[in-house]
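The block underneath contains the structure these notes are about, expressed in structure tokens.
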Amino acid sequence: MNKVSVVGMIMLCFFISGCGSTQTVKLDSVENDGDRINMQIAGDNAEKMETESSAADISNMYDQLVITCNPENPEEQVGPYSVYLVIPGSVKTMLDTENNSATRIGPFITDDNNQVVIDLTYNYDIAYLFEADSKDAEVEIIVVTEEDKEMKNPLTLGQIVHLYNVEYDSFVVEKEDYTVSFVDAYPEGVLSLYFPDASFIIRLAFPEGFEPKSSYEMGLVMVDPNYGSDYYLGRINRAWQYWDLPFFESDSLENKNGRVFIRDFDTNEMLNYEESPLELTFDENGKCIQGDIVTITFSP
């Protein structure tokens with residue numbers, strides 16, 4: 001093939017690529033071995049067009065997320081909810097053993113309208129967590145009760161949002177408003193987040209503004225005629241277990257009565273609570289007549 005043919009083919013390539021486009025095609029190399037021409041046309045043109053298209057789409061997107069929590073049983077809501085953004089699939093249910101405290105951004109606490117607004121501009125937390133580095137990312141919206149700081153009972157799973165990266169630490173979304181609906185409840189048969197196998201719970205509450213110690217000894221003074229005298233069935237109750245004092249089937253509470261007590265763990269002093277004295281009764285199956293969860297309020 002002569003040089004004239006080579007030049008002609010090159011001109012033909014430029015003519016064809018120019019039809020219907022104002023973009024310039026980069027000719028990386030032309031190799032002539034005397035019989036054939038290998039032309040490697042770079043993908044710069046296509047990438048540039050794709051980038052410009054993405055930029056046009058992004059210009060119509062939103063730089064914040066407005067998340068509305070919609071409990072289907074609002075009568076069970078006792079306070080605000082905590083909203084987290086996590087790596088999809090990283091949060092499990094409370095029956096799993098994996099640690100749910102990692103791979104999360106939050107909490108964002110809902111307002112009086114059960115909403116949170118999350119600014120996506122210059123959001124370094126998202127960029128760092130997802131190692132975005134100018135890449136898009138997906139997040140999962142997780143809602144828990146405010147007390148559930150370790151996400152042991154996620155009320156929502158599978159609500160995914162795609163984030164489009166506009167620069168390293170700034171993102172936009174196609175849809176601004178997200179409403180997440182859920183049932184505000186523990187899994188069936190579960191009384192306590194930290195003790196899913198508990199059969200009975202005494203829950204300790206505190207007056208507003210009171211700062212409790214990190215732990216107290218609590219339990220029941222058992223009144224058992226067959227035992228001959230009263231005895232203590234007590235355990236340590238701590239803040240990290242959400243102030244839930246558990247009792248189990250192995251405690252053998254069948255046909256027994258017990259008086260609730262609370263004691264200072266450091267001084268061994270008996271402390272007051274508003275319902276004192278409160279005596280609980282258990283039936284032949286060990287079930288508390290007063291309810292599966294009994295709440296007492298600390299009295300300073």
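Only heavy atoms go into these numbers, but all of them, side chains included; no hydrogens, no water, no symmetry mates.
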Q.
So does G89 get a backbone contact from the side chain of E140, meaning a donor-acceptor N/O pair under 3.5 Å?
A. yes
Q. Between Q290 (side chain) and T281 (backbone), is there a donor-acceptor pair under 3.5 Å?
A. yes
(Q) Are there over 12 heavy-atom neighbours, none belonging to Y122, within less than 6.0 Å of that residue's OH? (A) no
Q.
Using the rule that Ile, Leu, Val, Met, Phe, Trp and Tyr join whenever any side-chain heavy atoms are under 4.5 Å apart, tell me whether Y62 and I126 fall into a single cluster.
A. yes
Q. Are F210 and F265 joined in one hydrophobic group, where the rule is that I, L, V, M, F, W and Y side chains link up if heavy atoms are under 4.5 Å apart?
A. no
Q: Check whether L220 and V294 end up in the same hydrophobic cluster, where Ile, Leu, Val, Met, Phe, Trp and Tyr are linked by side-chain heavy atoms less than 4.5 Å apart.
A: yes
**Q.** Euclidean distance, L157 CG relative to F182 CZ, rounded to 0.5 Å
**A.** 12.0 Å
Q) Is any side-chain heavy atom of K149 less than 4.5 Å from a side-chain heavy atom of V144? A) no
Q) Between atom CG of D283 and atom CG of N285, what is the distance when rounded to the nearest 0.5 Å? A) 5.0 Å
Q: I would like to know whether E217 and F261 meet side chain to side chain contact (heavy atoms under 4.5 Å, CB included); could you show each step before the answer?
A: CA-CA 8 Å; E217 182 185 359; F261 76 90; 4.1 Å; yes
Q: Please check if atom OH in Y273 has more than 12 non-hydrogen atoms from other residues, nucleotides or ligands closer than 6.0 Å.
A: yes
Q: Please check if the side chain of E254 supplies one atom and the backbone of F282 the other of a donor-acceptor pair under 3.5 Å.
A: no
Q: Can you measure from CD (E176) to CD1 (I118) and round to the nearest 0.5 angstrom?
A: 12.0 Å
Q) Which atom names give the shortest non-hydrogen contact between L280 and C288, and what distance separates them? A) CB-SG, 4.1 Å
Q: Return yes if some donor-acceptor pair links the side-chain N/O of S215 with the main-chain N/O of I236 below 3.5 Å, else return no.
A: no
Q) For R259, does the CZ atom sit with more than 12 other heavy atoms under 6.0 Å from it, leaving out its own atoms? A) no
Q: May I ask you to test the Y186-L191 pair for a side-chain heavy-atom distance under 4.5 Å?
A: no
(Q) For N153, is there any backbone N or O sitting under 3.5 Å from a side-chain donor or acceptor partner on D148? (A) yes
Q: Check whether any side-chain heavy atom of E174 sits under 4.5 Å from a side-chain heavy atom of Y164, and report yes or no.
A: yes
Q. Closest heavy-atom contact between P88 and E138?
A. CD-O, 3.2 Å
Q | Name of the residue among N272, L245, L271, N237 meeting side-chain contact (heavy atoms from CB on, under 4.5 Å) with I262 | A | L271
Q: Hey, could you give me the CD/CZ distance between Q241 and F195, rounded to the nearest 0.5 Å?
A: 4.0 Å
Q | Flag, side chain of D136 to backbone of N165, donor-acceptor distance under 3.5 Å | A | yes
Q | Atom pair CG/CD of N255 and E284 - distance to nearest 0.5 Å | A | 6.0 Å
Q. If we only count heavy atoms from C-beta on, is the V83 to C69 side-chain gap below 4.5 Å?
A. yes
Q. Which of these passes side-chain contact (heavy atoms from CB on, under 4.5 Å) with M222: D251, L233, N257, D230?
A. L233
(Q) Testing the basics here: between S192 and D244, what is the closest heavy-atom pair and its distance to 0.1 Å? (A) OG-OD2, 2.9 Å
Q.
Just so I know, are the side chains of Y232 and R263 near enough to count as touching, which here means a heavy-atom distance under 4.5 Å?
A. yes
**Q.** Atom CZ of F206 with >12 non-hydrogen neighbours under 6.0 angstrom
**A.** yes
Q: Determine yes or no for a side-chain-to-main-chain donor-acceptor pair under 3.5 angstrom, with S199 supplying the side chain and F247 the backbone.
A: yes
Q: Verify whether one side chain among D169 and Y128 offers a donor that lies under 3.5 Å from an acceptor in the other.
A: no
Q: Check each of T145, D184, N114 against Q77 using the side chain to side chain donor-acceptor pair (under 3.5 Å) test, and report the only one that passes.
A: N114
Q: Find out if a path of hydrophobic residues (ILVMFWY) with successive side-chain heavy-atom gaps under 4.5 Å connects I109 to V180.
A: no
Q. Looking at D111, I105, T110, which one forms a side-chain contact (heavy atoms from CB on, under 4.5 Å) with F108?
A. I105
Q: Please assess I141 against L85 for the test side chain to side chain contact (heavy atoms under 4.5 Å, CB included), listing each intermediate value before the final yes or no.
A: CA-CA 5 Å; I141 299 172; L85 300 181; 4.1 Å; yes
Q. Is there a side-chain contact between I296 and E274, using heavy atoms and a 4.5 Å cut-off?
A. no
Q: Go through M218 and L204 one step at a time and tell me if the side chain to side chain contact (heavy atoms under 4.5 Å, CB included) criterion holds.
A: CA-CA 9 Å; M218 290 181 58; L204 181 59; 3.7 Å; yes
Q) Does N73 use its side chain to pair, donor to acceptor, with the backbone of E75 at less than 3.5 Å? A) no
Q.
With a sphere of 6.0 Å drawn around CD of E249, does it hold more than 12 non-hydrogen atoms of other residues, nucleotides or ligands?
A. no
Q | Rounded distance [0.5 Å steps], NZ in K213 versus CZ in F298 | A | 8.5 Å
**Q.** Side chain proximity check, L163 to V173, heavy atoms < 4.5 angstrom
**A.** yes
Q: Identify the heavy atoms of Y168 and A127 that sit nearest to each other, and give their distance.
A: O-CB, 3.4 Å
Q | Minimum heavy-atom distance between S214 and W243, given as atom pair plus value | A | O-CH2, 3.7 Å
Q. Hey, quick one: are W240 and Y242 part of the same hydrophobic cluster, counting side-chain heavy atoms closer than 4.5 Å, chains of contacts allowed?
A. yes
Q.
So which atom in T179 and which in Q159 form the shortest heavy-atom distance, rounded to 0.1 Å?
A. O-OE1, 4.5 Å
(Q) Quick check with a 6.0 Å cut-off and a 45 degree axis cone: is K175 positioned over the face of Y178's six-membered ring? (A) yes
Q. Should L193 and E150 count as side-chain neighbours, where that means a heavy-atom distance under 4.5 Å?
A. no
Q: Would you tell me whether E146 and S82 have side-chain atoms, one donor and one acceptor, within less than 3.5 Å of each other?
A: no
